[in-house]
Amino acid sequence: MDAYRFHEIEPKWRRHWDEIGLFRLKLDEKRGKFYCLDMFPYPSGELHVGHGRNYILGDSLARMKLMQGFDVLRPMGWDGFGLPAENAAIERHIHPAEWTRANIAAMKRQFEQWGTGFDWGREVATCDPGYYKWTQWFFLELYGAGLAYRGEASANWCPSCRTVLANEQVVAGACERCDTPVTQRKLEQWFFKITAYAQELLDGLDELPHWPERVKTMQRNWIGRSEGVDIEFPLENGGSVRCFTTRHDTIFGATYMVVAAEHPLLDDVLRNGGSAELREFVRKERSQSIARRWEPARDKVGVFSGVYARNPMTGRRIPVWVANYVVVEYGTGAVMAVPAHDQRDFEFARKYSLDLKEVILAPGKTPGQTLAEAYEGEGTLVDSGEFTGLASDLARDRIAGRMEETGVGRRVVRFKLRDWLVSRQRYWGTPIPVVYCERCSVVPVPESSLPVILPEDVEFDPSGRSPLLTRHDFLDTTCPRCGGKARRETDTLDTFVDSAWYYLRYLTPHDPNIAFSREMVNRWLPVDLYIGGIEHAILHLMYSRFIIKALRDMGHLSFSEPFERLFTQGMICMNGAKMSKSKGNVVSNEELIGRYGADTARLYTLFIGPPEKDAEWTEKGVEGAHRFLQRVWRQVLECSGPEAAREPQEPSGGAAVGSRVRGPADLRAKVHETIVKVTSDLENFRHNTAVSSLMELSNVIGAYVRDDPSSRSEPALREAVRTLVVLLSPMAPHVSEELWRRIGGTRSVFLEPWPAWDPAALKRDTQVVVVQVNGKLRARLTLPVGASRAAAEAAARADKHVAANLSGRTVRQAIHVEGKLVNFVTD
RNA sequence: GCGAGAGUGGCGGAAUUGGCAGACGCGCUGGAUUUAGGAUCCAGUGAGGAAACUCCUGGGGGUUCGACUCCCCCCUCUCGCACCA
């Protein structure tokens, strides 16, 4: 028998699949569609076994769907813009474009080695002008719709790199690139108005039953909707401070106010004086970086502002404080403080000896007891004027109503979600297509002039400053509106903009005239299955959802959610840590595939554990997967080749053990049970148990021929072996294709129909019925299927273990579950 | 603190309309084959016990003829959010 020579088999079949265009989408055939999308990678050039998991999962499912007769769209591309390329340029003097292209080529080679089948004719890269032209077009569309605007924002600023940093680029309050402490800086920046869709983005999550609950929860937290009232607190010397609260039922207990250091009220106060202490406190707080402010559990400190306000419900005079526990980013940057019913206010009030007034009574409590901590729950109002005696929820409604009548406040819904800051002071990204005209101010570049090309022959400054700032042939331009002198925008777009729409481009990847075809995306989207890492749970997925809704409202497409079903795969770890080059615990693909072949790498990756959970990579596990493929190889050839008939052996004589199948009908039942199991397991992302059921089938086949070598010519065995090969093919495609041809397949196994199970074959003659006495297992009986209660009970009583346990006792009740169990309950 | 998820042999993990706990793989033990190693094959492998048998799904309680599965309380771990008013 030939050895399993995966080195020869694997490249051979990959060439063949390419030649027959197995993964080339046939757009003209209109069968059921299946758009199976993997999150496209950033071309870092680094690819190890941990990166393969999602692609292998998707590939297995896509191959099964192909065999089930679906038109499968299975594209791949590259998230080509981003910082690492620019850093490589600065550090190693390689141009970002060159670095990126080389990495794409290297990664594509490795993808191909895995045998993951993609429709490479649809490949896109976000850094190609043919792609980013359309990213720029989106920008203009959003700008035209009023969803892109320029505004001032406080941002993380690295003084050394001279750029704004995203929050995720700030590590422990310092720039991830150069370790310089990050400061806050107000800058004019471009934003997308994602907040206009806050409510719809929240509601839409309820329409996504096939998304992981975890991801939806994270998005809900991020959107952060809360209902409350905005209340005007009049100031003693004129004017007022507005604050937002969700607990207006506690307003009668508001004994002071707190504003954030950035609150405009303080500008007025400090202009007219203010204590030295206040001045110093505000200065210090305002200079804190955003990152510093986000550190949790800081001691609450504050200073009296010198200003008094009036509680609009009680008329009480209350002091206004400045403190570090109020954030300017949320609400109005000012809060009413109710120390009796808010733990933060309670701690602060105790520290600075501020008044406390109890206005909510917990159920079963009497007033006047000394509080050890704030009571934040619901209860009955006390000492609250006309609202005294109401329950919290009713009181909130009544108080809000009264505030609206009297003009003191109004009901509002607030979100934590901020608008999406999309400008970056970086070179390697999509240029923002606007110019600044001396006369007309901000002018968008007309669509006919797109793309605004990113100049490639540029010099990189070690400071990290964008080379665009000194490129006059890029900078200097004319105004599209008045023809006068104008300067181009030098900021580029956040790479999340590039990746927010790429899945639309795959349908018309090379069309120079349109970003996407309305008709095609309406037919092919939403994406049926989107596979990727949990790290994109919020940003990428939320931005994509936003872009789709915006495009829908602009009339470019007619669906509301881009991804019907989302699957987030777990990480692959090694020695307890995420595999990464810097930790030195990577297993190289090339090495692994060189030693064991791609099919082993794939099979082990699928078998390692539940796909959504993190898993620990072990060499022993790889060997186990390889052993299984070796065994299948031998088994299939032995049971199917001519030598199967030529080498009859004496029956081993040993009686078949209980777990073994007893005849062709039993073998068929196992085969068809495996078809059911593998089919549903692949559809439900339980690849690990799909693999184990194939191992079981292989074990059963092995025992079957061992017990009766003459059975090798049986039709049931032939069916078993053929089915094993076909069911294995999505997971270990190369070896399955080779075996399929060797056992008589005349065309690719992937062109064969996926096996259907035969309900008749699933029916077994006998089944195992367990017998319990008082819930304790006493016997296992093999009974004919459909045995009656009487027959089962009689057989059970006849068993000697059961009889021994029943002797001397009276059976009070006998529970019978057909085909499963008999349980005797005795006195 | 809030929210979500998880806790099962030496290890990864199976089993959910409540009905055989530990599938499958790794590891380990013994045997066959082999000069040897490797590979392969066979048998065994939750714990205790010579055995009969008993015990076992983080801990405690409950519902039930019967609980890994349902309910209540507690512990631990992972992830997310976090002074959001």
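Numbers restart at 1 for each chain; the letters A, B, ... are given by sequence-line order, proteins then strands. Note that the structure is a prediction, hence the values are computed from the model and not measured.
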Quick one: label A/H801 by what it contacts on the DNA or RNA (base, sugar-phosphate, nothing), any heavy atom closer than 4.0 Å.
sugar-phosphate
For RNA chain B, the residues among residues 211-218 of chain A that have a non-hydrogen atom under 4.0 Å from it:
A/R214, A/T217, A/M218
Letter per nucleotide, 5' to 3', of nucleotides 10-22 of chain B [B base touched, S only sugar-phosphate touched, - untouched; heavy atoms, 4.0 Å]
--BSS----BB--
Glycosidic torsion of B/rG9 (syn if within 90° of 0, anti otherwise) classifies it as syn
Pick base, sugar-phosphate or nothing for A/K416, based on heavy-atom distances below 4.0 Å to the nucleic acid.
base
Reference residue A/Y352; test ring pair (Phe, Tyr, Trp, His ring centres under 6.0 Å); the match among A/W321, A/Y256, A/F346:
A/W321
May I ask you to verify if any side-chain N or O of A/Y325 is less than 4.0 angstrom from the OP1 or OP2 atom of B/rA85?
no
Salt bridge or not for A/E347 and A/K351, using N-O below 4.0 Å?
no
In dot-bracket form, 5' to 3', how is RNA chain B paired? Count Watson-Crick and G-U wobble pairs only if both distances fall under 3.5 Å, and write | where the partner sits on another strand.
(((((((..(((......[....)))((((((.......))))))(((....)))..(((((..]....))))))))))))....
Which part of the nucleic acid, if any, lies within reach of A/R418 when heavy atoms closer than 4.0 Å are counted: base, sugar-phosphate only, or nothing?
nothing
From CD1 of A/I538 across to C1' of B/rA4 the rounded distance in Å is 13 Å
Polar pairs (N or O, both sides) under 3.5 Å between protein and nucleotides 68-72 of chain B?
none

Could you tell me the separation between the CZ atom of A/R812 and the C1' atom of B/rG66, rounded to a whole number of Å?
13 Å
Taking for each residue the nucleotide of RNA chain B bearing the nearest heavy atom, is the 5' side occupied by A/G624 or by A/F824?
A/G624
Any residue meeting side chain to side chain donor-acceptor pair (under 3.5 Å) with A/R410, in chain and number order, not counting sequence neighbours
none
Would you kindly compare A/N805 and A/Q630 by the position of their nearest RNA chain B nucleotide and give the one closer to the 5′ end?
A/Q630
For the residue pair A/Y596 and A/H626, categorise the inter-ring angle as parallel (less than 30°), tilted (30 to 60°) or perpendicular (more than 60°).
perpendicular
With respect to the side chain of A/R634, which nucleotide from B/rG25, B/rA85, B/rU40 is positioned closest?
B/rU40
A/R778 side-chain proximity, nearest of B/rU54, B/rG80, B/rC41:
B/rU54
What does A/R631 touch in the nucleic acid at a heavy-atom separation under 4.0 angstrom: a base, only the sugar-phosphate, or nothing?
sugar-phosphate
Using the side-chain contact (heavy atoms from CB on, under 4.5 Å) rule, pick out the option among A/N311, A/I318, A/L265 that qualifies with A/M257.
A/I318
Those residues at least two apart in sequence (or on a different chain) that pass ring pair (Phe, Tyr, Trp, His ring centres under 6.0 Å) with A/F685 are A/F567, A/H687
Give A/R220 one of three labels, base, sugar-phosphate or nothing, depending on what nucleic acid heavy atoms sit under 4.0 Å from its own.
nothing
Any A/N699 side-chain nitrogen or oxygen under 4.0 Å from OP1 or OP2 of B/rG25
yes
Base, sugar-phosphate, or nothing: which does A/K300 touch, judged by heavy atoms less than 4.0 Å apart?
base
